[in-house]
Participant: 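Quick one: the structure is below, questions incoming.
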2 protein chains.
Amino acid sequence: MPKVTLADISREAGLGKATVSRALAVEPHPDVSEETRARVKAVADRLGYRPSVTARALRAGGYHAISAVIPDNAWGWWEPAVRAAFLEAGEHGYHVLAHAVAGRPGGAASVVEDLANVPTEGILLFGSSNDTAVLRAANALRLPTVAIDDVNDEVRVPTITVDNVAGAYQATTYLIQSGRRRIAYLGSGAKSTLFERDRLAGYKKALAEHGLEVDPELVVYDTAWKWDDGETPSRSAPIEYLVDRGISFDAVFCEFDMIAAPALRSLRRAGLSVPADVAIVGFDDDLAAQLLDPQLTTIRQPYERMGRNAVRKLLAAIGGERLQPTRELEAPELIRRESA
Amino acid sequence: MPKVTLADISREAGLGKATVSRALAVEPHPDVSEETRARVKAVADRLGYRPSVTARALRAGGYHAISAVIPDNAWGWWEPAVRAAFLEAGEHGYHVLAHAVAGRPGGAASVVEDLANVPTEGILLFGSSNDTAVLRAANALRLPTVAIDDVNDEVRVPTITVDNVAGAYQATTYLIQSGRRRIAYLGSGAKSTLFERDRLAGYKKALAEHGLEVDPELVVYDTAWKWDDGETPSRSAPIEYLVDRGISFDAVFCEFDMIAAPALRSLRRAGLSVPADVAIVGFDDDLAAQLLDPQLTTIRQPYERMGRNAVRKLLAAIGGERLQPTRELEAPELIRRESA
DNA sequence: GTGAAAGCGCTAACAT
DNA sequence: ATGTTAGCGCTTTCAC
């Protein structure tokens, strides 16, 4: 299938390339007779002409596309953020190209490196691209970069993150105000990430402010949680740990929703009813939160706002604005469902 | 930030464009002295040079990229398929650009139309692009197109689909062989899609082959299921329907996993224990299947095979091969977990 | 080892 | 209303 170009049509139709171009333009050019246009279109159709996006872009000087890099362990939570990013970008005439890491050997960093061969004007880093390698790669490309929910301590690119401290504080306070006093903290513990630390801090802050002590026995970790292999945790040690040792508790704040799923299961096994015996609050408002039984009360990240904000920042940077590499915090929201 | 081009470096370094190009080439050109290369690189670095992907592509004659169009109600199940597509394409030197419909007004069709402005060589249609409008748009682009899990009756492009009849048959047979006799079918009923019909057919076939009658009372629909708004179903009428009317049943085959989630909930409310009183089998092996309690026994679509197969077909078509617009069926697999 | 020039496919000036 | 030409940024002959 030989490539059909304007020149071919021009020759075939006995018209200049310019006329053909005008006849086929996206916004119909006024200076072309209907008759000519029709003839050109007919020839183009017959020949199976497809305009070269590449040539057009070279001419126009760009694609107006930005790239979203989406990590593996982000099922559920990032969908609304990506969605919002698509919408916001679209409103500014930009395309969003989504690049899933999808278990590639080199991880997110290699995906970013690959962007060197993709016609894109900016990079949107989603989720825990916990890797300085990723940022280095992005930097090497000299492409404007904005991160959403990056968990690096060191902020090297403009970053949009939910206010984790505030969210955990909100969750814990809600539990306290519901009359709970022995509130356990269930963490993933696998990595010492920013949000793990902040959510724990918010939990402690709420306890402190309400005159409750932090009982170290109530801060437990789910050793079953697997970070990098995409596996869903199938069991939860921490609840059993508490129950087996007879450590009493009447509420659980989970570092994120996926921790809550196996916890719910363990509670049921232990004969504890939720929320009557134990109230439980998650974090993220993952899609899974609504599938659980009871449906999970959780702290929702303002995904839409985060996605749109990130795109706006990126577009501004593309426009030449100089962005500060600072972390911008977005306020989370408590979603009351059945579990607390 | 003015765009820095080869010409700029050439001027700045006092070297010809060709030399600069050679020095900066991806595969280092042998005919360039180390000294020159170093100098060129230094200048490029200082100026903040970024090669134009566009110009390179125009020169080279293409991008080697294909586009995956991902509809809204496919988030969740599509991930492994897309992942496999990424991997397979990568092995052939192709990029995959993912385009989420993400609630765009025009739906998948408008996303496909937009592909006219994206440097792509082929289209991978994911999920229920139940729309002839989508196929029309794809067709208008004259781009090779392959569909995965398309639910149109009429097959107009090469299509990879799981064998829904076989899967449902397998699930139902498994229930029968486990000693169940009163097996209910829980459908979505919202649309008369291909897979709805086929899964129901597989269910009936299994019953028939094992000498069981199809009791119309046991074929019920979840009227709560919402198709297009991305909302997760929060309740399930059908189980209540059966229980309230005293229609006995000892197993449930669900048209897909998301139907099973609320069903599980309803069963628990009704005091029915799973799988002791009622066994339940889903379809899809959605990520959610493992989060449910009990974990869902389900029919898994061979996502990896489907994704890879689709990409291979598409690449063949791009290579000039003429593909038949037929539906290719892939064999599903029963995943035994706890619910049956 | 390096440079000059052509050309990928298109569109926007600038003719006519 | 249509044709001619130049040039977007790059790589690749082909000379030197």
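In what follows, every chain begins at residue 1, and chains take the letters A, B, ... in the order their sequences are listed. Bear in mind the structure is a predicted one, so any value in this text is a computation, not a measurement.
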Participant: Would you indicate whether the side-chain heavy atoms of B:Leu125 and B:Val112 approach each other to under 4.5 Å?
Facilitator: yes

Participant: Only Watson-Crick and G-U wobble pairs, only distances under 3.5 Å, only runs of 3 or more: what stems does that leave for DNA chain C?
Facilitator: C:1-16 with D:1-16

Participant: From the options C:dT2, D:dT12, D:dA1, select the nucleotide whose nearest atom is closest to the side chain of A:Thr36.
Facilitator: D:dA1

Participant: Flag the pair B:Lys313 and B:Glu321 as a salt bridge only when some basic side-chain nitrogen lies within less than 4.0 angstrom of an acidic carboxylate oxygen.
Facilitator: no

Participant: Please give me every residue in residues 7-25 of chain A whose heavy atoms get under 4.0 Å of an atom in DNA chain D, ordered by residue number.
Facilitator: A:Gly14, A:Leu15, A:Gly16, A:Ala18, A:Thr19, A:Arg22

Participant: Looking at the side chain of A:Ser52, which of D:dC10, D:dC8, C:dC10 is the nearest nucleotide?
Facilitator: C:dC10

Participant: Could you check how far CG of B:Leu58 sits from P of D:dC8, rounded to whole Å?
Facilitator: 13 Å

Participant: Do any pairs count as a salt bridge (Lys or Arg N to Asp or Glu O under 4.0 Å) and have a residue in residues 132-145 of chain A, sequence neighbours left out, and if so which ones?
Facilitator: A:Arg142-B:Asp45

Participant: Any chance you could measure B:Leu329, atom CG, to B:Arg327, atom CZ, to the nearest 0.5 Å?
Facilitator: 7.5 Å

Participant: Quickly work out the B:Lys3 NZ to D:dG7 C1' distance and round it to whole Å.
Facilitator: 14 Å

Participant: Got a sec, which residues hit side-chain contact (heavy atoms from CB on, under 4.5 Å) with A:Glu121, two or more places apart in sequence or on another chain?
Facilitator: A:His64, A:Tyr94, A:Ile318

Participant: Send over the distance from B:His29 NE2 to D:dT13 P, rounded to a whole Å.
Facilitator: 10 Å

Participant: Could I get the full list of salt bridge (charged side-chain N to carboxylate O under 4.0 Å, His left out) partners for A:Glu304, not counting sequence neighbours?
Facilitator: A:Arg300

Participant: Heavy atoms under 4.0 Å, any strand shown: does B:Arg56 hit a base, just sugar-phosphate, or nothing?
Facilitator: sugar-phosphate

Participant: Run the salt-bridge test on B:Arg37 and B:Glu35 with the 4.0 Å N-O cut-off and return the result as yes or no.
Facilitator: no

Participant: The criterion is salt bridge (charged side-chain N to carboxylate O under 4.0 Å, His left out); which residues satisfy it with A:Arg59, sequence neighbours excluded?
Facilitator: none

Participant: Pairing donors with acceptors under 3.5 angstrom, does anything connect the side chains of A:Ser110 and A:Arg104?
Facilitator: yes

Participant: How many Å lie between CZ on A:Arg59 and C1' on D:dC10, as a whole number?
Facilitator: 16 Å

Participant: Using whole Å, report how far CG of B:Leu6 lies from P of D:dT11.
Facilitator: 6 Å

Participant: Side chain of A:Thr5 only, heavy atoms from C-beta on: which candidate in D:dT11, D:dT2, C:dC10 is closest?
Facilitator: C:dC10

Participant: Rounding to a whole Å, what distance do you find between A:Tyr63:OH and D:dC8:C1'?
Facilitator: 12 Å

